[in-house]
Amino acid sequence: MNSARKRRLVFFLAGLLIGRIVNAEEVDVLFTTGNIYTVNDRQPHAEAVATKNGRIVFVGSNDDAKKFHAAKIVDLRGRTVVPGFTDSHCHIFGIGEREMRLNLEGTNSREDFLARVRERVEKTGPGKWITGRGWIETFWKPPQFPARQDLDKIAPNNPVFLTRADGHASIVNSAALKIAGIDKNTPDPFGGQILKTNGEPNGMLLDNAQDLVAKNIPKPADSEREEALLRGIDRELKLGWCEIQNAGSYKEDIDIIRKAFETGKIKIRFVNAVYGPGGDAQNFLRDGSTINAFDHHFTQRTIKVLFDGALGSRGAALLKPYSDAADTSGFLREKPEQLRPMFEEALRRGIQVETHAIGDRANRLILDLYEQAFKAVTPDERKIHDPRWRIEHAQIVDPGDIPRFAKLGLIPSMQPSHAISDLFFAPARLGMDRLVGAYAWQSFIKSGCIIAGGSDAPVERGEPMIEFYAAVGRKPLPEHGLPVRVPSKDSGQDVRWARRPEAHVPPQTEGWHPEQAVSREDALKMFTIWPAYAAFEEKDKGSIEVGKLADFTVLSQDIMKIPEMEILETQNQMTVIGGEIIYSR
Ligand SMILES: [Zn+2]
């Protein structure tokens with residue numbers, strides 16, 4: 001090689017090197033070799049993502065990603081990545097409390113349920129309250145509510161208050177009834193029922209009647225509430241939820257949430273709703289919303305209304321009586337005349353409204369009320385033109401009312417797991433005809449709606465893979481049993497599904513309407529981009545796109561391709577929020 005050629009080569013190499021340094025963009029984290037589902041139609045799949053200052057700056061191939069200088073490189077080893085999962089409807093304090101209190105989930109029989117209570121009574125001093133949650137009698141033989149006398153036998157000296165999994169009913173013992181001053185002459189409160197046998201209260205309290213007893217239970221200290229919040233959030237992050245939309249809170253809890261953010265204790269994205277009508281909602285309407293506080297981690301712009309009860313306890317307000325209880329068609333928990341002025345004020349102030357409506361009567365009435373408010377407050381009188389109001393659950397809807405959602409620009413916020421739990425007893429409660437508009441995901445999507453997907457935990461277990469499986473499978477969980485977690489040998493953590501030995505579940509699935517199941521693509525949207533839209537966040541969240549916040553969930557298996565049953569065995573492997581790995585296993 002002559003000297004001129006040598007010089008040229010040196011210049012060429014130096015040029016390459018300098019070019020490389022100049023062109024190489026600095027990024028914070030580079031995630032490579034992933035099987036990335038972006039939920040972005042223009043670029044549905046990718047291998048690599050780069051993040052900087054908490055946002056996505058690159059989505060593309062491994063080759064194209066080589067141009068980056070990254071402070072940290074994460075090799076995804078081919079694992080599946082989806083936009084950070086959002087639970088559009090959960091109760092975060094309840095999730096934490098479920099971990100802290102007597103957890104009655106998975107009690108297969110009345111005996112099993114009573115044994116767990118007895119165990120707790122033995123550890124509790126006389127006179128102290130025993131509270132718990134999670135029982136569901138529909139799996140017992142016979143599937144009947146427990147009675148106060150059952151509890152009196154095992155807890156003669158302690159008031160007992162045990163809430164059904166759905167939160168819409170509780171069983172209490174005689175000591176608790178006595179403290180609350182409930183006897184055969186106590187009238188039903190508005191929006192609730194004191195169930196009676198031979199004219200005497202039998203211990204079952206539905207919906208608002210629960211408060212008659214609950215208000216006598218000593219309130220947990222703020223420190224306990226905070227512990228519940230943080231334990232709940234910790235659980236959510238482990239499961240792969242990057243954002244939770246908390247379906248209702250009172251002032252005390254809002255203060256606890258804010259304080260926890262201020263002291264840096266919360267890393268999950270948190271969208272909060274305030275219960276209304278009432279003083280808290282009035283204050284909220286006056287003070288206005290909080291948007292993207294704590295570096296895009298906390299938003300509060302929604303009022304949550306509880307309009308009826310639930311199907312399991314026959315509190316859902318139906319247009320016609322229950323098929324298995326001709327004397328009741330459920331009840332409303334709020335009076336329409338109290339909602340009207342609040343709804344109109346909310347429109348003027350740019351506050352979103354989300355209303356729990358389970359029965360077809362509750363759904364029709366809330367559609368009417370929303371429609372009246374939209375007419376009363378015209379778009380130019382509103383702070384936000386398109387208010388994106390939501391109906392939580394939209395569970396049993398008269399088929400004629402389904403198109404009204406899209407027409408009014410409303411978002412049904414639905415929980416797939418409710419269908420696969422409720423469909424064991426819904427045919428009895430509703431009869432076959434009314435199931436046509438029940439859990440009707442596909443009908444809503446076809447009518448032009450998006451669906452904000454959630455779990456309603458602690459009503460349900462609150463796991464993304466159960467919800468995803470329920471949405472695409474719309475079938476019972478394995479072996480017609482309920483999920484039972486068994487410890488894995490290596491980690492000691494719950495990981496697998498097993499048949500619950502004594503689960504008594506009727507094998508028939510008549511009336512389940514499999515045609516209402518959704519595609520995997522839509523199921524993925526239900527827990528990513530659609531919840532983002534339902535919270536006015538689609539510009540920042542819900543897909544893996546340049547410019548959006550770097551939130552991802554990394555999964556052990558490709559949930560878009562594996563056989564349905566394997567979805568349930570898929571684990572969250574990494575929870576990434578703002579480019580930071582918050583959890584990894
Ligand atoms: Zn709920």
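Treat the numbers as computed from the prediction; the structure is a model and nothing was measured. For ligands, and for the atoms within them, numbers begin at 1 and follow the listed sequence.
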### Query
Closer than 2.8 Å to the Zn ion (ligand 1), do we get an N, O or S atom from His89, backbone or side chain?
yes
### Query
Is there an N/O/S atom in His393 that lies less than 2.8 Å from the Zn ion (ligand 1)?
no
### Summary
The NE2(His91)-the Zn ion (ligand 1)-OD1(Asp456) angle, to 10°, is 90°
### Query
Is the closest side-chain donor-acceptor distance between Glu460 and Ser421 under 3.5 Å?
yes
#### Entry: Between Ser323 and Arg434: side-chain donor-acceptor atoms closer than 3.5 Å
yes
### Task
Mark yes or no: Arg110 above the aromatic ring of Trp135, with NZ or CZ under 6.0 Å from the six-membered ring centre and no more than 45 degrees from the axis.
no
### Query
In terms of side-chain heavy atoms, does Glu243 have a donor or acceptor partner in Gln245 at a distance below 3.5 Å?
yes
